[in-house]
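Shown next, in structure tokens, is the structure this report addresses.
Atoms within each ligand, like the ligands themselves, are counted from 1 in listed order. Along the sequence shown, the residues carry numbers beginning at 1.
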Amino acid sequence: MYIDGSWVEAQTGATREVYDPADQSVIGVVPEGDATDVKRAVAAARRAFDEGPWPRMAATERAALLFRVADLLEEKLDEFALIDTLDSGKPLRDSAGDASDAVGCLRYYAGLVDKPLGQAYNVSDPDTQSFVVREPLGVCAQIIPWNYPLMMAVWKLAPCLAAGNASVIKPSVNTPLSAIRFFELLEEAGLPAGVANLVLGSGSTVGQALVEHPGVDKVAFTGGNVSGRKIMQAATGTFKNISLELGGKSPCIVFDDVDMDVAVDWALFAIFCNQGEVCSAGSRLLLQSSIHDDFVQRLAARAQRIRVARGTEEGAEMGPLVSVEHMQRVLDYIELGRKEGATLLCGGERLTSEQFAKGNFVAPTIFDHCTSDMRIVREEIFGPVLTVQTFETEEEAVALANDSKYGLAAGVFCRDVSRAFRVIKALRAGITWINAYHPTFNQAPWGGYKESGIGRELGTFGLEEYTEVKQININLADGPVGWFAN
Ligand code: NAP
Ligand code: MG
């Protein structure tokens, strides 16, 4: 762990093994922190923020450091890709893309901090000049999941540090390794002690202690809704600023005027990229009924050809799921889908032949003839499982798409421009695509409606989440206020 500018073990000396989900082999042993380590880390962050140079230095100086970190990371893309692939299971092609995006994210926020910020007002009193500046929030607890280990760490740290805050970050117990390596780069780039601290350990101990700590000003969380709810409740103690990036059950809607092969290709990517372990996965496919039969036939044929393999294998397209527990959860949902009466088109099982025997490999799975009351349609599975439903009219498509407690993402495939835009405008979701699914950009805000979260990451919105707004009023006149008798 990295606390106050030093590499440390857990105060108790406890450790935890880290696994490669392709074969359950132990690939590392890391410290297992607890509330005592959290206290040390928050105290260090507090000092760095309250007394240290970081929030007070020129924004361009902070930016220069982040540009250095981006350069260091860019030199080691292959190493970081390998770490995340071994730790999380995802194919190298995916983890290499994540590492490049992380470099882009660092550069984006380093470049943003000295751009115009704040507002000035002409108020009702001509003798007052009013304006607003943005200031760093303070000490931020940042809690991240395992599906994009490096990228989630950078999405959190880049805007937080650029804005002048201090951080204590906790990665998932499943995937701590790339965060550790990334902190070596922060150190090498010369980040002052205490500005960013890395504490490892479980959500129920380290995470909970961070969220409850009175020295923490903000909690930024990405993860599931069950943990999100606990975090929101724990944060009420000291009215912490919170941002939550939560789950999804996002629709991918296909109208009958599309080029079928192109739409099949995107629909496949929408659900099966990163093993379906994507918060914004297009996990509900909604098809206009006239194209249904043809579409699902082509889709299932292609899904069965997806190259499932160990993530380090050349040409791997889908790796193992992150942990045995998570795989079991996904398999339980598949079993449930059968019981609920959905039609299994392909997959539906754990892969157990020789090369898969020790790993958490699940075949790409598609359930057809699903209905909105099924739990496999309503609940986030977070794995390679797609449900298919049909609609007749545009209104029906919108109603089906919006029939979810989630509202993270949505895709619409349609050649009729007016219809595509009408449908997008009617959808209650924060991230949407027309004739595409998934492309994500550091410049544009990321986050959901409804139970998919609170706040936005990335873009200018992401920087604002790490600032407080200060109103400043300057009295241009010299006299007294004269309100009371003199
Ligand atoms: P998770 O179980 O909620 O865990 C996320 C992080 O929170 C982990 O570091 C976890 O610690 C920690 N945590 C758990 N309970 C906590 C508590 N009571 N207090 C503080 N921290 C706590 O989620 P996951 O299974 O890792 O990730 C999958 C979920 O993340 C999915 O629901 C997915 O949709 C969501 N996600 C959302 C986005 C988005 O941008 N909207 C992006 C990626 C993922 P441990 O290390 O002990 O697990
Ligand atoms: Mg692992």
Item to check | Protein contact to atom 7 (O) of ligand 1 [nearest heavy atom, distance to 0.1 Å] | outcome: Phe221 CE1, 3.0 Å
Item to check | Heavy-atom nearest option to atom 48 (O) of ligand 1, drawn from Val206, Val173, Leu408 | outcome: Val173
Item to check | Distance-only donor-acceptor check, side chains Gln142 and Ser167, under 3.5 Å | outcome: yes
Checklist entry - Distance only, no hydrogens: is a donor on one side chain within 3.5 Å (strictly under) of an acceptor on the other, for Asp4 and Ser6? => result no
Next on the checklist: For Tyr2 and Trp7, take the angle between the two ring planes, folded into 0 to 90°, and tell me which bin it lands in: parallel under 30, tilted 30 to 60, perpendicular over 60.
Outcome noted: tilted
Item to check | Distance filter under 4.0 Å to Ile143 heavy atoms, resulting ligand 1 atoms | outcome: 6 (C), 7 (O), 9 (O), 12 (C), 20 (C), 21 (N)
Item to check | Asp332/Arg329 under salt bridge (charged side-chain N to carboxylate O under 4.0 Å, His left out): CA gap, chis, key distance, verdict | outcome: CA-CA 5 Å; Asp332 289 348; Arg329 210 176 140 259; over 6 Å; no
Next on the checklist: salt bridge (charged side-chain N to carboxylate O under 4.0 Å, His left out), that's the test. Do Arg456 and Glu464 meet it? Break it down for me.
Outcome noted: CA-CA 9 Å; Arg456 293 292 182 273; Glu464 287 175 1; over 6 Å; no
Item to check | Pair Trp266 and Trp433, ring centroids less than 6.0 Å apart | outcome: no
Checklist entry - Does the side chain of Thr312 pick up a donor-acceptor pair with the side chain of Thr85 at under 3.5 Å? => result no
Checklist entry - In terms of atom number and element, which parts of ligand 1 are under 4.0 angstrom from non-hydrogen atoms of Gln208? => result 17 (C), 18 (N), 19 (N), 20 (C)
Next on the checklist: Between Gln275 and Asn147, is the side-chain hydrogen bond (donor to acceptor under 3.5 Å, both in side chains) condition met? List the steps.
Outcome noted: CA-CA 10 Å; Gln275 303 77 240; Asn147 58 341; over 6 Å; no
Item to check | N or O contact, Trp146 vs ligand 1, cut-off under 3.5 Å | outcome: yes
Checklist entry - What residues, two or more places apart in sequence or in another chain, satisfy side-chain contact (heavy atoms from CB on, under 4.5 Å) together with Glu188? => result Leu72, Leu185
Checklist entry - Which atoms of ligand 1 sit under 4.0 Å from any heavy atom of Lys230? => result 18 (N)
Checklist entry - Nearest to atom 41 (N) of ligand 1, what protein heavy atom do you find, and at what distance? => result Leu246 O, 2.7 Å
Checklist entry - Taking non-hydrogen atoms only, is Val278 closer than 4.0 angstrom to ligand 1 via side chain, backbone, both or neither? => result neither
Item to check | Which residue and heavy atom of the protein sit nearest atom 35 (C) of ligand 1, plus the separation | outcome: Gly223 O, 3.1 Å
Checklist entry - Please walk me through it: do Asp403 and Arg428 pass salt bridge (charged side-chain N to carboxylate O under 4.0 Å, His left out)? => result CA-CA 10 Å; Asp403 184 12; Arg428 303 279 298 156; over 6 Å; no
Next on the checklist: Please report whether ligand 1 has a polar contact with Lys170, defined as an N or O pair separated by less than 3.5 Å (distance criterion only).
Outcome noted: yes
Checklist outcome for this item: Looking only at non-hydrogen atoms, the one of Gly247, Ser452, Gly207, Gly203 nearest atom 47 (O) of ligand 1 is Gly203
Item to check | Atoms in ligand 1 with a heavy atom of Ser202 nearer than 4.0 Å | outcome: 47 (O)
Next on the checklist: Going by salt bridge (charged side-chain N to carboxylate O under 4.0 Å, His left out), name the pairs with one or both residues in residues 224-248, residues two or more places apart or in two chains.
Outcome noted: Arg229-Glu451
Item to check | Residue and atom name of the nearest protein heavy atom (relative to atom 43 (C) of ligand 1), distance in Å to one decimal | outcome: Asn147 ND2, 3.2 Å
Next on the checklist: Closer than 4.0 Å to some heavy atom of Cys279 - which atoms of ligand 1 meet that?
Outcome noted: 33 (C), 34 (O), 36 (N), 37 (C), 38 (C), 39 (C), 40 (O), 41 (N), 42 (C), 43 (C), 44 (C)
Next on the checklist: Checking a contact table here: which protein heavy atom is nearest atom 28 (C) of ligand 1, and how many Å away?
Outcome noted: Phe382 CE2, 3.5 Å
Next on the checklist: At less than 4.0 angstrom from any non-hydrogen atom of Pro145, what atoms of ligand 1 do you find?
Outcome noted: 26 (O), 27 (O), 43 (C), 44 (C)
Item to check | Ionic contact status for Glu465 with Lys218, cut-off 4.0 Å | outcome: yes
Checklist entry - Which one holds for Trp446 and ligand 1: side chain close, backbone close, both close, or neither close, with close meaning a heavy atom under 4.0 Å? => result side chain
Next on the checklist: As an exercise, identify every atom of ligand 1 less than 4.0 angstrom from a heavy atom of Thr222.
Outcome noted: 5 (C), 36 (N), 37 (C), 38 (C), 39 (C), 40 (O), 42 (C), 43 (C), 44 (C)
Checklist entry - Any N or O on Glu380 sitting closer than 3.5 Å to an N or O of ligand 1? => result yes
Item to check | Criterion salt bridge (charged side-chain N to carboxylate O under 4.0 Å, His left out) on Arg378 and Glu340, from CA distance to verdict | outcome: CA-CA 12 Å; Arg378 307 206 73 78; Glu340 289 184 310; over 6 Å; no
Checklist entry - For ligand 1, is there an N or O atom under 3.5 Å from any N or O atom of Ile144? => result yes
Next on the checklist: Please state which option from Ser227, Pro176, Gly224, Ser172 has its nearest heavy atom closest to atom 2 (O) of ligand 1.
Outcome noted: Ser227
